[in-house]
Amino acid sequence: MNPMAWYRKQTIHRKIFIPFFAITLLSSSAFTLYGFTQSSRAIVNEIDKRLLIAALTMEQLLPQNYFNRAVGPDSIDPGEFSRNTAQLNQFLKNVGATYLYALYKDHNTYHYLATADFDLETRYWDVYQQPAPNIQVIEQNWRTYISTTNDPEFGLLRSVVIPYTDQSGRRIIIGADIHAYEVEALKRRSFYHFLLMGLASFFLSVLFSYTASRTITLPLTRLSTFTRRLTENDFSASVRLDPSLFPDGERTRAETAILAFDFDIMQRRLEAHIEQLKETQTARERAESELRIAGQLQTTFLPPPFKPATFLGRVELAAMMQPAKQAGGDLYDYFPLDETRLLFAVGDVSGKGMPAAIFMSVAVVLLRSAAKDLHDPATIIARVNDELAERNESCTFVTLFVGILDTRTGEVVHANGGHNPPRLVTAPGSVAAVAVAANMVVGVMPHHTFARERLLLNPGDSLLLYSDGITEAFDHTGLLYGTGRLDKCLAGLPPSSPVADMVRAVATDVASFSGSSEQADDMTILCLRFHG
């Protein structure tokens with residue numbers, strides 16, 4: 001596994017502790033190695049200094065002119081040599097060395113002139129059988145030489161040898177040695193010392209870093225546990241953050257305490273927001289329920305499917321309405337005035353939703369009431385206009401097209417109250433807009449008069465009425481459907497198509513054009529055909 005990927009998956013506590021642990025391990029190891037190296041050098045330097053002092057002091061510890069008198073095997077009395085050896089031994093013990101000696105080379109043989117030896121009893125003028133390599137080096141260079149040398153007789157030694165020349169010019173070698181294993185023992189003790197110090201430093205640093213990281217991450221862990229419980233319990237008010245995480249509220253400089261305090265404030269505000277959402281949702285559901293009821297009520301104002309037998313098959317009629325919301329402001333209506341005349345109407349109330357649906361229902365009631373007494377479209381629209389405008393404080397209005405078809409002759413008497421001009425589809429299949437007076441919209445200005453107009457339908461001609469939700473539908477780019485596409489759709493249909501198919505074709509074409517765009521306005525289509 002990738003180490004970085006593994007590290008990213010760890011908890012914050014581990015992410016803080018692991019780098020601390022690695023840094024502490026490296027620093028403790030570096031401290032131990034560096035301290036041991038420096039200590040080893042200091043130990044060797046101290047030993048070399050003692051050995052050098054011992055070698056330099058030897059001539060002063062011996063009797064005056066001792067080396068000048070030590071010229072042969074019988075030059076020094078054994079008793080004097082023993083006394084000198086005892087004195088040198090005591091000095092050697094104080095210095096902390098192992099061997100102290102003076103050598104003279106006579107006929108290629110080295111002889112002991114003086115010695116301090118804790119291990120062997122060397123006598124005056126004894127032969128040094130196998131000289132160490134450092135003796136040969138000083139013979140060649142004749143200057144002080146410090147080294148670790150492997151003596152064939154005494155083993156591995158740390159040694160200092162210095163040259164000395166007596167009054168007669170004889171060359172004498174003075175040396176001081178210590179066993180190398182004693183030096184190594186001192187180094188080992190130093191290593192153990194620094195190792196213990198390094199381990200103590202390491203464990204103390206690890207303990208500190210663990211405690212520090214735990215102190216930092218424990219509140220974060222508790223906050224994480226709190227948020228998980230809060231989400232698992234759907235933000236229930238019963239899940240509360242422990243106040244001990246922020247004992248001083250916001251009066252603190254501790255970041256985790258500030259974060260905990262902010263979490264608590266956020267939860268309380270979230271609770272209030274959820275309560276508001278619940279109230280809003282309840283109100284919304286109530287409003288939607290009212291809209292559904294209004295939509296259902298609205299459908300009761302729409303006429304039942306047209307029965308051609310009413311006029312002995314001389315008229316064919318179909319209509320549809322598709323609200324943009326659950327209740328809409330469009331309207332259509334048709335009903336016979338007598339055995340030969342059919343009243344039909346299409347309207348569009350300004351606005352959408354509940355207010356438009358209520359206004360639409362009032363308009364339908366007023367339309368039917370006026371039609372019972374008045375059989376003239378212009379007069380019917382005028383009365384509806386007066387009734388609506390009388391107490392219309394909301395300034396809502398309705399566009400309205402009302403027509404009366406004489407099923408014997410095909411004559412249509414009609415009046416327009418600001419509505420879209422109908423489309424005339426002739427029996428041969430041509431499509432054109434019906435030239436109608438625009439007039440004022442209905443419900444705004446009382447006592448307004450509306451123009452009465454006439455249109456003659458030939459057998460097979462169809463009249464299509466629609467609301468502006470058809471022509472003002474738009475696609476995802478904001479392009480309007482328009483009257484051009486409506487005419488093209490109607491022209492592409494077979495002239496003999498049933499009017500119900502014409503209504504469905506237009507609705508389908510508009511839906512295909514709009515695609516995924518949301519329906520912006522109510523859509524209403526009414527189509528009638530005169531068969532004669």
K.L.:
With sequence neighbours left out, what residues match Asp177 under side-chain hydrogen bond (donor to acceptor under 3.5 Å, both in side chains)?
P.N.:
Tyr101, Ser159

K.L.:
Looking at Ala507, is its backbone amide N or carbonyl O close enough to the side chain of Gln322 to form a donor-acceptor pair, meaning the two atoms are under 3.5 Å apart?
P.N.:
no

K.L.:
Checking side chain to side chain contact (heavy atoms under 4.5 Å, CB included) for the pair Thr396/Val349: CA distance, chi angles, key distance, verdict?
P.N.:
CA-CA 7 Å; Thr396 305; Val349 177; 3.7 Å; yes

K.L.:
Side chain to side chain contact (heavy atoms under 4.5 Å, CB included), that's the test. Do Leu486 and Val506 meet it? Break it down for me.
P.N.:
CA-CA 7 Å; Leu486 176 60; Val506 172; 3.7 Å; yes

K.L.:
May I ask you to decide whether Glu184 forms a salt bridge with Arg188, counting only side-chain N to carboxylate O separations under 4.0 Å?
P.N.:
no

K.L.:
Using only atom types and a distance under 3.5 Å, with no angle test, would you say the side chain of Ser497 pairs donor to acceptor with the backbone of Met502?
P.N.:
no

K.L.:
Show your working on side chain to side chain contact (heavy atoms under 4.5 Å, CB included) between Leu479 and Arg485 and close with a plain yes or no.
P.N.:
CA-CA 12 Å; Leu479 183 65; Arg485 283 186 174 82; 3.5 Å; yes

K.L.:
Strictly distance-based, threshold 3.5 Å: is any side-chain N or O of Ser361 a donor or acceptor partner for the main-chain N or O of Ala357?
P.N.:
yes

K.L.:
Can any side-chain N or O of Asp509 pair as donor or acceptor with the backbone N or O of Ala505 at less than 3.5 Å?
P.N.:
no

K.L.:
Among all residues two or more places apart in sequence or in another chain, which pass the side-chain hydrogen bond (donor to acceptor under 3.5 Å, both in side chains) test with Tyr110?
P.N.:
Glu139

K.L.:
Taking the side chain as every heavy atom from C-beta outward, state whether Tyr145 and Ile173 have any atom pair closer than 4.5 Å.
P.N.:
no

K.L.:
Ile162 and Leu56: which non-hydrogen atoms are nearest, and at how many Å?
P.N.:
CD1-CD2, 3.5 Å

K.L.:
Taking Ser39 for its side chain and Gly35 for its backbone only, find out whether a donor-acceptor pair lies under 3.5 Å.
P.N.:
no

K.L.:
Begin from the C-alpha positions of His179 and Tyr99 and carry the test ring-ring contact (aromatic ring centres under 6.0 Å, His included) through to its verdict.
P.N.:
CA-CA 9 Å; His179 283 297; Tyr99 303 111; 5.4 Å; yes

K.L.:
Can a side-chain donor-acceptor contact be found between Arg171 and Thr165 if the only test is distance below 3.5 angstrom?
P.N.:
no

K.L.:
Report the residues that fulfil side chain to side chain contact (heavy atoms under 4.5 Å, CB included) with Thr211, sequence neighbours left out, ordered by chain and then residue number.
P.N.:
Leu207, Thr215

K.L.:
If you look at every heavy atom in Phe67 and Asp166, which pair is closest and at what distance?
P.N.:
O-OD2, 3.8 Å

K.L.:
Looking only at non-hydrogen atoms, find the nearest pair between Val503 and Cys527 and report the distance.
P.N.:
CG2-CB, 3.8 Å

K.L.:
Do Val44 and Arg41 make a side-chain contact, defined as non-hydrogen atoms from C-beta onward lying under 4.5 Å apart?
P.N.:
no

K.L.:
Is there a donor-acceptor pair under 3.5 Å between the side chain of Ser201 and the backbone N or O of Met197?
P.N.:
no

K.L.:
About how many Å separate CZ of Phe81 and CG of Leu88, when rounded to the nearest 0.5 Å?
P.N.:
8.5 Å

K.L.:
Do Thr115 and Arg123 have side-chain heavy atoms sitting under 4.5 Å apart?
P.N.:
no

K.L.:
Is there side-chain contact between Lys49 and Asn45, with heavy atoms separated by less than 4.5 Å?
P.N.:
no

K.L.:
Per the side-chain hydrogen bond (donor to acceptor under 3.5 Å, both in side chains) rule, which among Tyr128, Trp125, Tyr104 passes with His111?
P.N.:
Trp125

K.L.:
State whether the side chain of Asp348 and the backbone N or O of Ser467 hold a donor-acceptor pair below 3.5 Å, judged by distance alone.
P.N.:
no

K.L.:
Are any non-hydrogen side-chain atoms of Ser75 and Arg69 less than 4.5 angstrom apart?
P.N.:
no

K.L.:
I'd like to check the salt bridge (charged side-chain N to carboxylate O under 4.0 Å, His left out) partners of Asp151; sequence neighbours left out, ordered by chain and number.
P.N.:
none

K.L.:
Using every non-hydrogen atom in the two residues, find where Tyr124 and Val71 come nearest and quote the distance to one decimal.
P.N.:
OH-N, 3.8 Å

K.L.:
For the backbone of Thr477 and the side chain of Asp475, can you confirm whether one donor and one acceptor N or O come within less than 3.5 Å of each other?
P.N.:
yes

K.L.:
Please report the shortest heavy-atom distance between Gln136 and Pro131, naming the atom on each side.
P.N.:
NE2-O, 4.4 Å

K.L.:
Does some side-chain heavy atom of Asn65 sit less than 4.5 Å from a side-chain heavy atom of Gln167?
P.N.:
yes

K.L.:
What distance do Leu157 atom CG and Asn150 atom CG have between them, rounded to the nearest 0.5 Å?
P.N.:
8.0 Å

K.L.:
Rounded to the nearest 0.5 Å, what separation is found between the CD atom of Glu518 and the CZ atom of Phe474?
P.N.:
7.5 Å

K.L.:
List the atom of Glu80, the atom of Tyr66, and the distance in Å for their closest heavy-atom pair.
P.N.:
OE2-CD1, 3.8 Å

K.L.:
Judged by atom type as modelled, is there a donor-acceptor pair below 3.5 Å linking the side chain of Thr32 to the main-chain atoms of Ser28?
P.N.:
yes

K.L.:
Taking side-chain hydrogen bond (donor to acceptor under 3.5 Å, both in side chains) as the test, write out the residues that go with Asp487, two or more places apart.
P.N.:
Arg423

K.L.:
Rounded to the nearest 0.5 Å, what separation is found between the CG atom of Leu186 and the CD1 atom of Ile178?
P.N.:
7.0 Å

K.L.:
Between Thr471 and Leu480, is any pair of side-chain heavy atoms under 4.5 Å apart?
P.N.:
no

K.L.:
Look up atom CD in Glu59 and atom CD in Gln64, then write down how far apart they are to the nearest 0.5 Å.
P.N.:
9.5 Å

K.L.:
Between Met321 and Asp522, is a side chain to side chain contact (heavy atoms under 4.5 Å, CB included) present by the stated rule, with each step listed?
P.N.:
CA-CA 7 Å; Met321 182 177 68; Asp522 305 328; 5.6 Å; no

K.L.:
Rounded at 0.5 Å granularity, tell me how far OG1 in Thr483 sits from CG in Asp468.
P.N.:
12.5 Å

K.L.:
Going by heavy atoms in the side chains, are Phe91 and Met58 under 4.5 Å from each other?
P.N.:
no

K.L.:
Please enumerate all residues that pass side-chain hydrogen bond (donor to acceptor under 3.5 Å, both in side chains) together with Ser516, with sequence neighbours excluded.
P.N.:
none

